[in-house]
Amino acid sequence: MRKPLILHCLDGLGIGGAERQLILLLRHRPVEMADHVVCHVGPRKELSEEIRAMGIPVVDLSGGRRYSLLALFRLVRLAHRLRPSLIHADHDYGKLYARFASRILHIPLLATMGLTASNPWRHPLLPARLSLTRRLLYLIERTGARVATDHTMAISQTVMRDLIRKGVPPARISVVYRGLNLAEFPRLAETERETLRHSLGVQGSAPLLINVARLIRRKGQEAVIRAMPAVRSRFPGAKLLLVGDGPARERYREIVAAERLEEAVVLLGTRRDIPRLLQAADVFVFPSLREGTGVALLEAMAARRPCVVSDVPVFREILGEEGAGVFVPIERPDLLAEALIDVLGDPARLTEMGRGAREIIEERFDIERNAQEFARLCQWLITARRFGAPAEAA
């Protein structure tokens with residue numbers, strides 16, 4: 001009897017939190033439980049070879065185009081040929097197309113919800129003018145989560161509560177946190193750390209701040225850029241590294257020039273040595289406007305970095321109230337600067353915050369544990385469908 005097959009469907013396989021998380025789940029999966037195939041409906045495929053190296057097939061359904069309807073037809077054809085026991089989907093278009101394939105072929109669907117969609121007509125943090133496509137996606141996602149998904153895997157309790165507010169029955173939601181391979185975050189030797197800091201242009205013991213995220217408005221990097229003049233008035237040599245790329249890159253360059261921060265703010269672009277870069281920094285800054293979890297925050301915590309973050313519910317869920325993080329109201333560069341100056345002036349507090357952050361990761365966000373939880377959820381859904389039971393938690 002062949003093992004169950006799980007078909008994973010994503011928008012693309014570019015370098016992002018959801019994509020990296022899928023790779024970790026697959027790498028730490030119980031291999032005896034199921035076989036896996038990964039497909040993507042958009043053209044990005046930077047991580048595809050990393051998945052193939054695990055012996056897992058990767059199928060590009062995009063035809064080199066961005067989310068065409070042909071990708072939907074190809075997905076249905078692929079699922080019809082493979083007859084998977086379960087479809088697991090993530091990202092906007094990945095879930096949208098997978099819902100159609102799931103309903104057409106009567107295959108159970110598990111949808112990962114990393115960040116619930118905000119209402120583009122009412123949400124105050126979104127631009128007033130959004131494309132018709134984004135508005136339609138919001139309506140489809142809200143309806144699809146309720147009626148066209150067998151079960152939803154929320155990546156935090158915060159996301160689960162938001163789904164329930166949007167009408168998804170609690171019995172059809174399970175929480176499986178993001179996880180990290182803690183072996184990827186060994187301590188850097190002090191000499192290696194100093195060499196790395198020097199290569200990044202940091203002079204002596206001057207503070208180094210770091211943000212790791214896509215350069216988009218929702219990630220809030222503008223707030224920390226605008227906080228830097230005040231931080232440098234107290235710590236003249238302070239630097240900020242923005243690690244990542246995205247459509248806001250040129251806007252941020254313009255703000256840096258307008259604030260005369262060319263020597264203080266470095267836009268590094270996409271990097272693959274995040275664990276090392278995090279350990280070179282003194283503080284991780286994450287002023288996102290909203291998040292489902294924030295994999296970069298987990299990585300900073302694993303690297304024992306003290307975290308100054310926006311005061312959004314999921315960050316309090318992750319960091320707790322025991323001093324592992326400092327919370328600042330969103331879009332308040334003045335208060336963010338005050339918080340950064342406060343913690344940078346207290347080295348003992350920085351050390352204690354970093355230690356507490358690492359302990360939280362070890363207790364709750366180890367990929368070995370989270371991959372087992374994901375595998376058990378998939379197995380339960382496959383068994384439930386096999387015996388005709390609803391995909392609802394007991």
Practice problem: Please test F284 against M301 for side-chain contact (heavy atoms from CB on, under 4.5 Å), starting from the C-alpha separation and ending with a verdict. | Solution: CA-CA 9 Å; F284 177 75; M301 294 167 68; over 6 Å; no
Are any side-chain N or O atoms of [X] and backbone N or O atoms of [Y], one a donor and one an acceptor, separated by less than 3.5 Å?
| X | Y | answer |
| --- | --- | --- |
| D35 | L5 | no |
| S68 | R65 | no |
| D11 | Y93 | yes |
| S310 | L289 | no |
| T195 | T191 | yes |
| R316 | G320 | no |
| D273 | R276 | no |
| R271 | V243 | no |

Salt bridge between [X] and [Y], side-chain N to carboxylate O under 4.0 Å?
| X | Y | result |
| --- | --- | --- |
| D311 | R332 | no |
| R29 | E373 | no |
| R214 | D245 | no |
| D366 | R369 | no |
| E32 | K3 | no |
| D282 | R197 | yes |
| R305 | E299 | no |
| E291 | K219 | yes |
| E331 | R217 | yes |

Quiz prompt | R66, CZ: over 12 other non-hydrogen atoms inside 6.0 angstrom | solution =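 No, not enclosed.
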Practice problem: Give a yes or no on this: more than 12 heavy atoms of other residues, nucleotides or ligands lie within 6.0 Å of atom CZ of R52. | Solution: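 Yes - once you tally the heavy atoms of other residues, nucleotides and ligands closer than 6.0 Å, there are more than 12.
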Compile the donor-acceptor pairs under 3.5 Å between side chains in residues 252-266 and protein atoms, sequence neighbours left out, one pair per line.
unit_1: Y252; atom_1: OH; unit_2: I216; atom_2: O; d: 3.4
unit_1: Y252; atom_1: OH; unit_2: Q221; atom_2: OE1; d: 3.3
unit_1: E259; atom_1: OE2; unit_2: R226; atom_2: NH1; d: 3.1

Self-check item: Sub-4.5 Å side-chain heavy-atom contact between I318 and S156
Solution: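 Not touching, per the 4.5 Å side-chain cut-off.
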Quiz item: With a 4.5 Å heavy-atom cut-off, do V41 and L10 have their side chains touching?
Solution: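 SC-SC contact between V41 and L10 ruled out.
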When the side chains of residues 178-185 are checked against the rest of the protein, which donor-acceptor pairs come out under 3.5 Å, sequence neighbours left out?
unit_1: N181; atom_1: OD1; unit_2: A183; atom_2: N; d: 3.2

Self-check item: For R304, all residues meeting salt bridge (Lys or Arg N to Asp or Glu O under 4.0 Å), sequence neighbours excluded
Solution: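 Expected list: none.
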Quiz item: Going through the checks in order, is the ring-ring contact (aromatic ring centres under 6.0 Å, His included) test met by F327 and F315?
Solution: CA-CA 8 Å; F327 305 98; F315 291 165; 7.9 Å; no
Quiz item: Side chains of S62 and H40: donor-acceptor distance under 3.5 Å anywhere?
Solution: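 No, no side-chain donor-acceptor contact under 3.5 Å.
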Practice problem: Please step through salt bridge (Lys or Arg N to Asp or Glu O under 4.0 Å) for the pair R358 and E362, ending with a clear verdict. | Solution: CA-CA 6 Å; R358 174 70 184 206; E362 291 176 353; 2.9 Å; yes
Quiz item: Between E338 and R234, does a salt bridge (Lys or Arg N to Asp or Glu O under 4.0 Å) hold up when you go through it step by step?
Solution: CA-CA 10 Å; E338 289 179 15; R234 173 65 178 81; over 6 Å; no
